[in-house]
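Note that these values count all heavy atoms, side chains included, but never hydrogens, waters or copies made by symmetry.
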Amino acid sequence: MPERTPILLAPAEVTRIDRADGSMLLRSPQPLHSYGRNLGEFLRHWALHRPEQVFLAERSAVGWREVRYVEALRAAQRIAQSLLGRDLGLDRPVLVLSGNSVDHALLMLGCFLAGVPIAPVSPAYSLMTSDYGKVHRIVELVRPGLIYVDRFEPFASVLWELRSAQVEIVTSDPDEGPRGVVAFDELQAKRPGPALQRAEALVGPDTIAKYLFTSGSTGTPKGVINTHRMLCANQQMIEQCWPFVRDTPPVLVDWLPWNHTFGGNHNFNLVLAQGGTLYIDEGKPRADLVQVTVGNLQEVSPTIYCNVPAGYAMLLPLLEGDANLRKRFFQQLQMIFYAGSALSQDLWERLEAVAIEATGEPVMLASAWGSTETAPMATTVHFPISRAGIIGLPAPGVDLKLLPSGSKLEMRVRGPNVTPGYLRDPERTEAAFDEEGFYKIGDAGLLVDPDDPSCGLMFDGRVAEDFKLTSGTWVHVGTLRVAALAAAAPALHDAVVCGHDRDSVGLLAWLDLAGSRRLCSHDGAHPDLRRLATCPDVREHVRRALRRYNDDQTGSSTKIARVLLVTEPPSIDDDEITDKGYINQRAVLEKRGEAVERLYDDPPAQDVLLVTSP
């Protein structure tokens, strides 16, 4: 098998400044190069230089619906003209309730050209809930002049509740909707004219490109302002850290939702900035949809594959068991990238193993760190690393402050990729920044090698998530969670760490369906999660695996005493989980207080696994 050509990466360099207050500043010695004024410049550039290259593709009844760069520009210009004709702008933005699609992308590009903010909202807030409170709150904040849905019928209930807002509704399938709903094609009926030329000239770095909504642990959506400066600067940072993307235009097969910064900013804009191709994957890391992703990967070989750890956990057994899928997946793959939450070492090693099996050598595994407020990348891996958890070094143009906070180092960010604040929320905006203008992201980090900062940073969990046992010993939640999941593999999908003001650490844990079924020999071919939680094989595997893990630990803060296998899935209504699959530790503990009490009952309840002796 021919050797792979090494990909071109920026050198691992960093400047460290130790300060009198005990904090340190880290920054790249490489200056951030100049970047564009707005995202529309990327589209115009590639429409001129690669007009016939496929930019966007999605599944259709007859294969793939493909849109080339020149076609995307023409459609976006017509849409932009229509938006301006409707008097849309900063005071009357566009709201999107649907997921990823070509039409959604064209509308977003039209907004970029016209200088109209777009606010993509998680479809789960409309489709996976009986309470539309989040959507109502977002509409109150955004005050949209137009709402887009791909199909009217699935969103009919929430749109009916929003009728008092008197907002124009646009859909790609107008036959489903009532009278007055506008067909998406009508937005492309206007020829671009002088009004668009004037509007495009006014779209500058500080023009708002989009609002992205996060709720964190509070449950109240925050509208994070994303400017063109943030998004363009971030793409320049990525290009300088990963120079190989200039030589090989990225091909992505991607499901990550555009209402999140990972999919909507990092991935979509990476393709747009580098003149690549985005195949929109309608699959998801769910048992009923992962095969859709597999079908797409059997047809399209990505150059970079991006996912969250939950996605890799779902995809890996299929790659391990299917040689043809493995061959196709790795055919032109240059990098496996993960973000969104910590990857377990078990998943890391399995990804390396399937890459070696397919190609004879490992593929580059990389991660990054940031948030919706940082566009999203603040640090990134642009050098070979040997294990999970490393989040790289600050990107060019980013100042990273590490500030002592209890037993941890809190990370704070300053740079052109950082948000100016939150929509209509001056109090939160003021509270989000320190006196030096650093954004207080709330995460902790540590140097892989304190004597050599160029080895990179490790993610060290959320500052606010850590807690003390009654002994006064700190429990580092992020590190412990990843270690426990890796130790119990393949049984556990996710977990939250318990034990605040208790004598010992416990877990509320969710089983991994596929992994637990492989372990279970007592309950038929396809037991569900509720039955798997009582399966003796599964329970004994978790107990023994965590006992072996405990044997290597030296203190109570890293040993797991008890586990309760939870069968009720985390609720998106209660902010326990995002639609990317990220578990909110604080929200779960608040909403499941009874389960935590049962975990620590004395004598222990029958469904509680005792890992250590009572």
State plainly whether the residues Arg428 and Glu430 are in salt-bridge range, i.e. N to O under 4.0 Å. no
Test item: Asn100 side-chain N/O and Leu256 main-chain N/O as donor-acceptor pair under 3.5 Å: yes
Could Arg412 and Asp399 be called an ion pair, given the rule that one side-chain N must be under 4.0 Å from one carboxylate O? no
Keeping Ser405 on the side-chain end and Lys408 on the backbone end, is there a donor-acceptor pair under 3.5 Å? no
By side chain to side chain donor-acceptor pair (under 3.5 Å), Thr470 pairs with (sequence neighbours left out) Asp503
Under 4.0 Å between a Lys/Arg side-chain N and an Asp/Glu carboxylate O for Arg462 and Asp466? no
Hey, does the side chain of Lys440 reach the backbone of Ala431 with a donor-acceptor pair shorter than 3.5 angstrom? yes
Using the side chain to side chain contact (heavy atoms under 4.5 Å, CB included) rule, take Leu272 and Leu270 through it: C-alpha gap first, then chi angles, then the decisive distance, then the call. CA-CA 5 Å; Leu272 175 62; Leu270 173 63; over 6 Å; no
So Leu457 and Val448, do their side chains get closer than 4.5 Å, heavy atoms only? no
Please check: side-chain N/O of Thr374 versus main-chain N/O of Gly370, any donor-acceptor pairing under 3.5 Å? no
Using modelled atom types only, decide if a donor and an acceptor are shared between the side chain of Arg562 and the backbone of Leu609 within a distance under 3.5 Å. no
Do the side chain of Arg424 and the main chain of Leu141 share a donor and acceptor less than 3.5 angstrom apart? yes
Between the side chains of Lys468 and Asp501, is the shortest nitrogen-to-carboxylate-oxygen separation below 4.0 Å, so that they form an ion pair? no
Set of side chain to side chain donor-acceptor pair (under 3.5 Å) partners for Asp254, sequence neighbours left out: Asn267
Using the benzene-type ring in the case of Trp, are the ring centres of Trp242 and Phe337 under 6.0 Å apart? yes
Apply side chain to side chain donor-acceptor pair (under 3.5 Å) to Gln274 and list each qualifying residue two or more places apart in sequence or on a separate chain. Glu239
Taking atom types as modelled and ignoring hydrogens, do the side chains of Asn265 and Asn226 form a donor-acceptor contact shorter than 3.5 angstrom? yes
Applying the side chain to side chain donor-acceptor pair (under 3.5 Å) criterion to Glu576, which one of Arg592, Gln585, Arg586 satisfies it? Arg592
Tyr600 ring centre to Arg502 NZ or CZ under 6.0 Å, with the angle to the axis within 45°? yes
Using the rule given for side chain to side chain contact (heavy atoms under 4.5 Å, CB included), can you reason through Ser556 versus Leu469, listing the C-alpha separation, both sets of side-chain angles and the distance that settles it, and then say yes or no? CA-CA 9 Å; Ser556 59; Leu469 298 173; 3.6 Å; yes
Can you list every side-chain hydrogen bond (donor to acceptor under 3.5 Å, both in side chains) pair that touches residues 8-23, not counting sequence neighbours? Glu13-Gln30, Arg16-Asp18, Arg19-Ser23, Arg19-Glu436, Asp21-Ser23
When you compare the side chains of Glu373 and Tyr422, does any donor N or O come within less than 3.5 Å of an acceptor on the partner? yes
Under 4.5 Å between any side-chain heavy atoms of Leu393 and Leu26, yes or no? no
Is the backbone of Met108 close enough, under 3.5 Å, to the side chain of Trp258 for a donor and an acceptor to pair up by distance? no
Any donor-acceptor pair under 3.5 Å linking the side chain of His382 with the backbone of Leu9? no
Who are the side-chain contact (heavy atoms from CB on, under 4.5 Å) partners of Val482, not counting sequence neighbours? Ala342, Ser344
For the backbone of Ile560 and the side chain of Asn550, can you confirm whether one donor and one acceptor N or O come within less than 3.5 Å of each other? yes
Restricting to side chain to side chain donor-acceptor pair (under 3.5 Å), what partner residues turn up for Ser454, sequence neighbours left out? Asp452
Quick one: does Tyr125's side chain get under 4.5 Å of Ile138's, heavy atoms only? yes
So which of Phe330, Trp255, Tyr338, Phe329 actually passes ring-ring contact (aromatic ring centres under 6.0 Å, His included) with Tyr305? Phe329
Using distance alone, with no hydrogens and no angle criterion, decide if Asp281 and Thr293 have a side-chain donor and acceptor under 3.5 Å apart. yes
Please check if the side chain of Gln235 supplies one atom and the backbone of Leu231 the other of a donor-acceptor pair under 3.5 Å. no
